[in-house]
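Data block below; observations after.
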Amino acid sequence: MSSFNYWLLVDTVRIPDAYTIINKEILIKESVPLFQGCNFEYLLDQSPLLINLGQDKSILDKWKSLPYFDSSSVMFAVNETVDTSTLLSHLHKLLIIQVDGKKNVISLLYQCPLESNRKQGSHATRYRNIIRSCSSMVLDK
């Protein structure tokens, strides 16, 4: 059976002190700005933050209890054999879109929490759906 690291991707424009908030509640193993090493590195000060929270599944409960993180972050379960640079490279490929083979466009998806509440019910239901969805996005070497 594979082990997973739980990675959190946080919108630091919406939660500027995300690192500090997370670090008070959960031991951070590693963090890296999403825009590091890609064409959007000049936007590093506005970059979402990718945070490795380790393998303890109980962090999911801590994460869902943090204010504003339900609408400003996404949790990924990534096979422990996948290194940070591979994950970052994969996310860069999902992030950057070429238009006419020339222009770079940032592709980030956000969902309005109110819209989500209306469609899916409670916060707990949305949380279960996010985790269920992420299981199909597990990165493996």
Side-chain angles (χ1 to χ4, degrees), residues 1-100 102-141:
M1 180 180 241
S2 295
S3 293
F4 299 99
N5 283 315
Y6 293 97
W7 286 85
L8 185 64
L9 184 61
V10 182
D11 181 347
T12 56
V13 171
R14 293 186 72 191
I15 308 176
D17 53 347
Y19 184 93
T20 304
I21 293 169
I22 297 282
N23 202 34
K24 285 180 183 176
E25 299 294 325
I26 305 166
L27 177 65
I28 294 176
K29 303 288 184 190
E30 177 181 9
S31 68
V32 61
L34 180 62
F35 295 165
Q36 182 176 306
C38 75
N39 296 347
F40 298 108
E41 201 158 21
Y42 67 96
L43 295 171
L44 219 50
D45 61 333
Q46 298 172 33
S47 175
L49 187 61
L50 185 61
I51 303 171
N52 183 350
L53 300 173
Q55 297 180 351
D56 183 1
K57 194 172 183 174
S58 71
I59 60 141
L60 299 174
D61 291 325
K62 290 179 185 177
W63 164 63
K64 72 179 181 178
S65 71
L66 296 172
Y68 307 110
F69 280 78
D70 63 335
S71 63
S72 300
S73 66
V74 177
M75 184 76 71
F76 297 98
V78 180
N79 190 300
E80 68 178 338
T81 63
V82 176
D83 63 23
T84 305
S85 63
T86 301
L87 175 59
L88 199 55
S89 175
H90 176 74
L91 292 174
H92 286 166
K93 289 175 186 172
L94 297 174
L95 175 73
I96 300 170
I97 300 170
Q98 294 279 324
V99 177
D100 295 331
K102 299 175 188 171
K103 298 180 182 177
N104 291 307
V105 178
I106 297 174
S107 169
L108 293 176
L109 301 176
Y110 291 97
Q111 182 176 25
C112 172
L114 295 176
E115 186 70 19
S116 180
N117 277 336
R118 191 167 9 130
K119 289 180 181 174
Q120 296 180 351
S122 71
H123 176 74
T125 302
R126 286 185 295 137
Y127 167 72
R128 282 191 301 274
N129 288 340
I130 289 169
I131 297 305
R132 194 174 307 124
S133 298
C134 286
S135 66
S136 64
M137 297 170 29
V138 170
L139 254 176
D140 217 337
K141 275 190 173 177

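The structure presented is a predicted model; accordingly, all values stated were derived computationally and were not measured. Sequential numbering from 1 along the given sequence is applied to the chain's residues.
- Shown here are the side-chain hydrogen bond (donor to acceptor under 3.5 Å, both in side chains) partners of Glu25, two or more places apart in sequence or in another chain: there are none.
- Under the side-chain hydrogen bond (donor to acceptor under 3.5 Å, both in side chains) criterion, Asn23 pairs with no residue, sequence neighbours left out.
- For the atom pair CG of Leu87 and CH2 of Trp7, the computed distance is 5.5 Å after rounding to the nearest 0.5 Å.
- Taking the side-chain hydrogen bond (donor to acceptor under 3.5 Å, both in side chains) definition, one finds that Ser85 meets it with Asp83, sequence neighbours left out.
- The minimum heavy-atom distance between Pro33 and Leu44, with the atom names listed, is CB-CD1, 3.8 Å.
- Side chains of Gln55 and Glu80: a donor-acceptor N/O pair is present below 3.5 angstrom, by distance only.
- Within the 4.5 Å cutoff, the side chain of Leu9 has heavy atoms near those of the Leu34 side chain.
- Rounded to the nearest 0.5 Å, atoms SG (Cys38) and CG (Leu88) are 7.5 Å apart.
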Go through His90 and Thr86 one step at a time and tell me if the side chain to side chain contact (heavy atoms under 4.5 Å, CB included) criterion holds. CA-CA 6 Å; His90 176 74; Thr86 301; 5.7 Å; no
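- With rounding to the nearest 0.5 angstrom, the CD1 atom of Ile59 is 9.0 Å from the CG atom of Asn5.
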Run the numbers on Ile15 and Asp17 for side chain to side chain contact (heavy atoms under 4.5 Å, CB included), then give the verdict. CA-CA 6 Å; Ile15 308 176; Asp17 53 347; 3.8 Å; yes
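- Taking CD of Gln46 as the reference point, atom CG of Asp11 lies at 10.0 Å (rounded to 0.5 Å).
- Leu53 and Leu8 make their closest contact through CD1-CB, 4.0 Å (heavy atoms, listed as atom of the first residue, atom of the second, distance).
- Between Leu60 and Met75, the shortest heavy-atom contact is CD2-CG, 3.7 Å.
- Contacts of Thr84 classified as side-chain hydrogen bond (donor to acceptor under 3.5 Å, both in side chains), with partners at least two apart in sequence or in another chain: Glu30.
- Test Ile26, Leu66, Val10 against Ile21 for side-chain contact (heavy atoms from CB on, under 4.5 Å) and you get one pass: Leu66.
- Here CG of Leu49 is found 11.5 Å from CZ of Phe35. Values are rounded to the nearest 0.5 Å.
- For Tyr19 against Ser31, the heavy-atom pair with the smallest separation is CE1-OG, 3.5 Å.
- Residues Arg14 and Tyr68 form no side-chain contact, since every pair of their non-hydrogen atoms from C-beta on lies 4.5 Å or further apart.
- Between Trp63 and Ser73 the shortest side-chain heavy-atom distance falls below 4.5 Å.
- Closest heavy-atom contact between Thr12 and Ala18: CG2-CB, 4.4 Å.
- Under the 3.5 Å distance criterion, the side-chain polar atoms of His92 are matched with a main-chain donor or acceptor of Gln36.
- Remark: the backbone N or O of Phe69 is not paired with any side-chain donor or acceptor of Ser72 at under 3.5 angstrom.
- Taking OG from Ser58 and OH from Tyr6, the interatomic distance works out to 9.5 Å, rounded to the nearest 0.5 Å.
- In this view, Lys29 and Leu27, Asn52 satisfy the side chain to side chain contact (heavy atoms under 4.5 Å, CB included) rule, not counting sequence neighbours.
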